[in-house]
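Reading through the structure tokens given below for one structure.
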Amino acid sequence: MSDHLSDKPKRDFVGLADLSATQLWAWLELARDLKAEWLAGGNRPLLKGKSLGMIFQKPSLRTRVSFEMAMEHVGGHALYLSPNEIGLGGRESVADVARVLSRYVDGIMARVFVHEHILGLAQYARVPVINGLSDFNHPCQGLADYFTVWEKLGHLKGVTLAYVGDANNVATSLLFGGGKLGVNVRIGAPAGYGVKPAVLARAQALAAESGGSVYATTDPLEAVSGADVIYTDVWTSMGQEVEKAQRAAIFPPFQVNARLVSAARPDVLVMHCLPAHRGDEITDEVADGPHSVLFDQAENRLHAQKAILVDLLG
Ligand code: CP
Ligand code: NVA
């Protein structure tokens with residue numbers, strides 16, 4: 001049962017930059033423990049009777065299914081609200097959607113076009129709001145990705161992660177999460193598609209506190225040279241489809257292929273948040289090759305988000 005009269009302040013997950021490093025590590029450790037329990041066949045009903053409303057203004061495979069299964073594993077329920085249903089900010093104001101949903105569910109997860117809609121939901125909802133991707137960031141992805149790197153390498157501090165391609169929402173979350181966790185994040189992006197100055201400045205400030213670093217270049221080979229992790233994402237994100245042809249002409253030198261991978265460490269991990277446009281930002285050879293951890297990343301969305309849900313809705 002929802003306790004809408006609780007005076008415990010609700011907490012949201014809007015972005016990784018808002019979390020303390022302590023909180024971030026607590027979620028990573030909880031994700032590890034919940035994954036181990038799941039592998040041993042013993043999920044616990046930690047959110048028995050709780051519900052999550054999931055607003056989707058854009059398509060999704062991983063976010064939708066991993067959140068839905070995460071709630072099921074812990075004895076709760078998830079409600080999928082499709083792009084046609086709510087009309088966030090159109091049929092009804094963001095504030096009213098937040099107020100109404102807060103009367104029905106114990107938490108809201110939202111995937112939106114405009115980041116301000118996440119902020120509006122968080123402001124007006126009386127229940128926790130989780131950002132399931134906006135045009136600005138994708139923090140659930142970033143958390144799951146650092147969980148994956150930690151799981152594979154055994155540490156995060158001092159790891160060099162090179163993101164190659166469009167400095168988009170996913171790149172922002174990798175920069176902020178890396179900044180909190182002491183990771184050396186390099187971004188290799190074409191001129192005009194690099195990290196926005198405000199994002200770079202914030203990431204640099206976070207990295208200065210954690211002992212990590214941030215470096216931006218327009219040279220993909222320089223970005224990946226000696227890296228522990230190479231990360232890429234689509235050249236055209238959801239909502240940018242009109243720019244597809246223009247981007248397709250600019251980004252090919254940033255493709256993650258065997259030649260680029262050979263410039264990194266011999267045991268480099270290759271990551272992609274998926275969905276992938278194979279043959280564009282990543283070749284089949286690399287996506288299906290020995291360095292690829294793409295599907296472990298996808299699985300870890302489930303475990304990382306279960307940790308977020310258990311903490312925020314529990
Ligand atoms: N990586 C990711 O968020 O995938 P979906 O768009 O399928 O949810
Ligand atoms: N940058 C991509 C990520 C998809 C999960 C997009 O926003 O479309």
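Just follow the structure's listing: the first ligand is 1, and inside any ligand the first atom is 1. Keep in mind that this is a model prediction, so the values were computed, not measured.
- The pair E151-R32 does not count as a salt bridge, with every side-chain nitrogen at least 4.0 angstrom from each carboxylate oxygen.
- Close N/O approach between N168 and ligand 2 is found [any backbone or side-chain N/O within under 3.5 Å].
- Taking the charged nitrogens against the carboxylate oxygens, R11 and D18 have no contact shorter than 4.0 Å, which rules out a salt bridge.
- Applying the 4.0 Å criterion to heavy atoms of H138 picks out, from ligand 1, the atoms 2 (C), 3 (O).
- At the top of the distance list for atom 7 (O) of ligand 2, counting protein heavy atoms only, stands N169 ND2, 2.8 Å.
- Both the sub-6.0 Å distance and the 45° axial angle are not jointly satisfied by R247 relative to the ring of Y193.
- For atom 4 (O) of ligand 1, the nearest non-hydrogen atom of the protein is R62 NE, 2.8 Å.
- The ligand atoms of ligand 2 that sit less than 4.0 angstrom from a heavy atom of L133 are 3 (C), 4 (C), 5 (C), 7 (O).
- Contact annotation: the side chain of D233 never approaches that of D166 to less than 4.5 Å [non-hydrogen atoms, C-beta and beyond].
- Between T236 and ligand 2, a contact under 3.5 Å exists for no N or O pair.
- Listed by number with element, the atoms of ligand 2 under 4.0 angstrom from any heavy atom of L274 are 5 (C).
- Residue-to-ligand polar distances place C273 within reach of ligand 1: an N/O pair is separated by less than 3.5 Å.
- Between the side chains of Q141 and S173, no donor-acceptor pair is found at a separation under 3.5 Å.
- In terms of polar-atom proximity, S237 is counted as a contact of ligand 2, with an N or O under 3.5 Å from an N or O of the ligand.
- Among protein heavy atoms, atom 8 (O) of ligand 2 sits closest to M238 N, 2.8 Å.
- R301 NH1, 3.3 Å is the protein heavy atom nearest to atom 2 (C) of ligand 1.
- Note on ligand 1: L133 sits outside its first shell, no heavy atom being nearer than 4.0 Å.
- Clustering ILVMFWY residues whenever any of their side-chain heavy atoms sit less than 4.5 angstrom apart, transitively, puts M271 in a cluster other than the one holding V261.
- Set against the non-hydrogen atoms of L61, the atoms of ligand 1 under 4.0 Å away are 5 (P), 7 (O), 8 (O).
- Nearest to atom 6 (O) of ligand 1 among the protein's heavy atoms is R111 NH1, 2.7 Å.
- Relative ring orientation between F254 and F251 is described as perpendicular, the plane-to-plane angle rising above 60° on a 0-90° scale split at 30° and 60°.
- Protein heavy atom nearest atom 3 (C) of ligand 2, with residue, atom name and distance: D233 OD2, 3.6 Å.
- Not less than 6.0 angstrom separates the ring centroid of W235 from the ring centroid of H277.
- A salt bridge links E299 and K35; the closest N-O separation between the charged side-chain nitrogens and carboxylate oxygens is under 4.0 Å.
- The aromatic rings of W25 and W150 sit perpendicular to each other, their planes meeting at more than 60°, with 30° as the lower class boundary.
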